[in-house]
Amino acid sequence: QVQLVESGGGLVQAGASLRLSCAASGRTGSRYIMGWFRQAPGKEREFVAAISWSDGRTYYADSAKGRFTISRDNAANTVYLEMNSLKPEDTAVYYCAARAGSYLFSSDNRYDYWGQGTQVTVSS
């Protein structure tokens, strides 16, 4: 089992930055993929970014490219999502997810472990 706890969400104005954190515990290891997803009210959950624990490979949704950066601190068992130039349409609950393996999936049904989510609200 893997436990994931997100933090760092909040209410910010458009153009601001936020850094989300996802602390992992339990049966973690280098052969895991970590992903960030988000779900806005009335919308389906969507992929944001993913990273490989072992080699740091990353994969981004088009909506995240150029503004968001996913990174990891292996020693701290923590994955981050740095979000810059935030827009009102980035408002959502952001979830951290994990799965064993090496392929950077963007489908949420490929991930086995999920955090409780952290709310990000961007005002205009």
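Values reported hereafter were calculated over all heavy atoms of this structure, with side chains retained and with hydrogens, waters and symmetry mates removed.
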Original post:
At their closest point, which heavy atom of A92 faces which heavy atom of A40, and how far apart are they?
Top reply: CB-N, 3.8 Å

**OP:** Calculate, to the nearest 0.5 Å, the distance between atoms CE and CG belonging to M83 and L18 respectively.
**Re:** 5.0 Å

**OP:** Looking only at non-hydrogen atoms, find the nearest pair between L4 and A24 and report the distance.
**Re:** CD2-CB, 3.7 Å

Subject >> Min side-chain heavy-atom separation M34-C96 under 4.5 Å >> reply: yes

Exercise answer: donor-acceptor pairs, residues 100-114 side-chain atoms, under 3.5 Å, sequence neighbours excluded:
{"residue": "D108", "atom": "OD2", "partner": "R45", "partner atom": "NE", "Å": "3.2"}
{"residue": "Y111", "atom": "OH", "partner": "F105", "partner atom": "O", "Å": "2.6"}
{"residue": "W114", "atom": "NE1", "partner": "Y111", "partner atom": "O", "Å": "3.4"}

Original post:
Minimum heavy-atom separation for I33 to A50, with atom names?
Top reply: CG2-CB, 4.3 Å

Original post:
Could you give the distance from CG (L81) to OH (Y94), rounded to the nearest 0.5 Å?
Top reply: 7.5 Å

**OP:** First locate atom CG of N77, then atom OH of Y32, and finally report the distance between them rounded to the nearest 0.5 Å.
**Re:** 11.0 Å

Original post:
In chain order, what residues pass the salt bridge (Lys or Arg N to Asp or Glu O under 4.0 Å) check against E89, with sequence neighbours excluded?
Top reply: none

Original post:
Which heavy-atom pair separates Y95 from G117 by the least distance, and what is that distance?
Top reply: CD2-CA, 3.6 Å

Subject >> Side-chain (Q116) to main-chain (E6) donor-acceptor, under 3.5 angstrom >> reply: yes

**OP:** Starting at CD of Q13, measure out to OG of S123 and round the result to the nearest 0.5 Å.
**Re:** 5.0 Å

Original post:
What are the two closest non-hydrogen atoms of S85 and S17, and how far apart are they?
Top reply: N-OG, 4.3 Å

**OP:** Would you check if V79 and W53 make a side-chain contact, meaning some heavy-atom pair closer than 4.5 Å?
**Re:** yes

Subject >> Contact summary for A76 and T78, nearest pair of heavy atoms >> reply: O-OG1, 2.9 Å

Original post:
Tell me, which pairs form a ring pair (Phe, Tyr, Trp, His ring centres under 6.0 Å) where one or both residues lie in residues 56-84, sequence neighbours left out?
Top reply: F47-Y59

Original post:
Quick one: side chain to side chain donor-acceptor pair (under 3.5 Å) partners of Q39, sequence neighbours excluded?
Top reply: none

**OP:** Among residues two or more places apart or on two chains, list those pairs meeting salt bridge (Lys or Arg N to Asp or Glu O under 4.0 Å) that have a residue in residues 13-22.
**Re:** none

Subject >> Residue pairs, two or more places apart or on separate chains, that pass salt bridge (Lys or Arg N to Asp or Glu O under 4.0 Å) and touch residues 65-85 >> reply: D62-K65, R67-D90

Subject >> Heavy-atom donor-acceptor pair, T91 side chain to V122 backbone, under 3.5 Å >> reply: yes

